[in-house]
Amino acid sequence: MVVAKKSAYEASRQKRLEENKKRMEELNLNKLAQAMHTPKPSPMKKVKPKVPKQPLDLSAVRRSSRVADLPPRTYKEVPIEPMGRPRSYQRRDLLNRVYASDENRMYAIERADDLQSGLDQDVPSFVKPMLQSHVTGGFWLGLPVQFCKTHLPSRDVMINLVDEKGDEFETKYLAQKTGLSGGWRGFAIDHELVDGDALIFQLIKPTTFKVYIIRVNEPGDSSN
């Protein structure tokens with residue numbers, strides 16, 4: 001009796017399995033399940049070959065056909081040449097500065113005043129005592145403000161300095177700062193100016209000074 005029930009159960013179970021298998025085949029579920037469990041290969045990224053960069057030739061770049069036939073331009077920095085001829089001045093000279101005594105400084109100014117009084121009074125002039133900042137280091141020469149406002153141009157111009165030998169030196173006058181910049185260094189070095197010297201500037205032309213030098217270490221000598 002038990003064997004008969006077991007056989008009937010097995011037969012029923014086998015029948016259900018066959019029906020389910022048939023139904024899955026009809027619905028194509030076997031292939032769908034297999035596809036879901038099969039990993040898809042990931043697409044490989046295409047790597048572009050590296051191309052070595054070529055240096056940019058700025059000289060070959062032309063924005064206009066008008067300049068196509070001109071020689072190539074260079075954009076390298078070019079050192080700025082100082083005004084006038086080369087000067088023999090070294091930075092270590094700053095360590096050897098010699099300061100004039102108050103007595104010698106005043107004496108040089110007195111002799112410069114005497115020389116100025118003998119010049120043509122119709123020609124504007126002034127006395128300028130030299131300090132270390134005028135003859136070493138920065139080489140900046142400030143001029144009397146009132147004299148500049150009255151007699152010199154109100155814009156930046158080139159001013160010539162003529163020494164007692166007639167040699168001319170071109171300098172840059174900065175109107176806003178009322179002083180001489182570029183070119184003054186060369187004049188100071190060439191004439192070996194030192195602290196305590198006194199200079200007379202005589203405006204012989206609108207942009208030309210005649211310069212007389214009174215040496216602080218040469219009492220009574222007004223020559224260059």
Side-chain angles (χ1 to χ4, degrees), residues 79-100 104-116 118-120 123-224:
I80 300 175
E81 295 293 335
M83 294 178 59
R85 53 185 180 276
R87 313 298 180 186
S88 58
Y89 177 81
Q90 297 182 356
R91 195 70 179 176
R92 63 173 177 268
D93 292 343
L94 298 178
L95 302 176
N96 302 319
R97 285 177 169 179
V98 177
Y99 291 85
N104 290 341
R105 189 186 304 275
M106 291 303 302
Y107 186 51
I109 295 174
E110 290 175 1
R111 287 186 289 120
D113 289 338
D114 290 340
L115 177 57
Q116 183 190 27
L119 300 177
D120 187 349
V123 180
S125 64
F126 63 88
V127 174
K128 182 67 178 180
M130 295 292 100
L131 303 176
Q132 289 291 358
S133 59
H134 302 148
V135 297
T136 59
F139 289 97
W140 163 259
L141 183 68
L143 306 181
V145 175
Q146 192 56 47
F147 184 96
C148 294
K149 290 183 177 180
T150 304
H151 303 290
L152 296 183
S154 58
R155 67 185 186 284
D156 295 355
V157 294
M158 303 306 296
I159 287 184
N160 290 324
L161 305 181
V162 182
D163 63 20
E164 293 166 274
K165 293 180 180 179
D167 295 334
E168 294 189 7
F169 295 77
E170 191 174 49
T171 63
K172 178 71 173 181
Y173 171 68
L174 303 180
Q176 293 296 324
K177 297 184 177 181
T178 62
L180 301 181
S181 179
W184 167 251
R185 177 180 183 274
F187 183 91
I189 293 174
D190 274 13
H191 293 84
E192 299 180 347
L193 299 180
V194 299
D195 179 63
D197 288 347
L199 275 58
I200 302 96
F201 289 80
Q202 186 183 31
L203 190 64
I204 57 177
K205 293 180 181 179
T207 57
T208 300
F209 279 112
K210 177 76 173 181
V211 182
Y212 302 87
I213 301 174
I214 302 298
R215 304 287 181 180
V216 69
N217 55 357
E218 297 178 6
D221 183 8
S222 62
S223 61
N224 189 17

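The chain is numbered in sequence order, starting from 1.
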Exercise. Which atoms form the tightest heavy-atom contact between I214 and R111, and what is the distance?
Worked result: CG2-NH1, 3.1 Å
Problem set entry | Minimal non-hydrogen separation, S181 against L174, with atom names | CB-CD1, 4.0 Å
For this session: Would you mind reporting whether V135 and Q132 have side-chain heavy atoms less than 4.5 Å apart?
Result: yes
For this session: May I ask you to test the F187-L180 pair for a side-chain heavy-atom distance under 4.5 Å?
Result: no
Seminar exercise, completed: Contacts of Q146 meeting side chain to side chain donor-acceptor pair (under 3.5 Å) (sequence neighbours excluded), chain-then-number -> T150
Exercise. Any donor and acceptor pair, going by atom type alone, linking the side chain of T171 with main-chain N or O of I159 inside 3.5 Å?
Worked result: yes
Exercise. Under 3.5 Å, side chain of K128 to main-chain N/O of G142, donor-acceptor pair present?
Worked result: yes
Exercise. How long is the span from the CG atom in L152 to the CG atom in L143, to the nearest 0.5 Å?
Worked result: 7.0 Å
Problem set entry | Geometric class of the W184/F201 ring pair [parallel <30°, tilted 30-60°, perpendicular >60°] | tilted
Problem set entry | Validation row: L131, R105 side chains within 4.5 angstrom (heavy atoms) | yes
Problem set entry | H151 (side chain) donor-acceptor with F147 (main chain) under 3.5 angstrom | no
Seminar exercise, completed: A175 and P153 have their tightest heavy-atom pair at CB-O, 4.1 Å
For this session: First locate atom NE2 of H191, then atom NZ of K165, and finally report the distance between them rounded to the nearest 0.5 Å.
Result: 7.0 Å
Exercise. What is the distance from atom CG of D113 to atom CD1 of I200, rounded to the nearest 0.5 Å?
Worked result: 8.0 Å
Problem set entry | Passing candidate, side chain to side chain contact (heavy atoms under 4.5 Å, CB included) with V216, options I109, D195, V194, L193 | V194
Exercise. Side chains of L141 and M130: does their closest heavy-atom pair fall under 4.5 Å?
Worked result: yes
Exercise. To the nearest 0.5 Å, what is the distance between CG (L161) and OG1 (T207)?
Worked result: 10.5 Å
Problem set entry | Nearest atoms (heavy-atom pairs only) where Q202 meets S125 | CA-CB, 3.8 Å
Exercise. Is there a donor-acceptor contact under 3.5 Å from the side chain of E170 to the main chain of M158?
Worked result: no
For this session: Work out which heavy atom in W140 is nearest to a heavy atom in H134; give both atom names and the distance.
Result: O-CD2, 3.1 Å
Seminar exercise, completed: For A100 and G196 the tightest heavy-atom approach is CB-CA, 3.8 Å
Problem set entry | Sub-4.5 Å side-chain heavy-atom contact between I213 and D163 | no
For this session: Measure the CG-CZ distance between L199 and R215 for me, rounded to the nearest 0.5 Å.
Result: 8.0 Å
Exercise. Only one of D190, V211, N160 forms a side chain to side chain contact (heavy atoms under 4.5 Å, CB included) with F169, so which one is it?
Worked result: D190
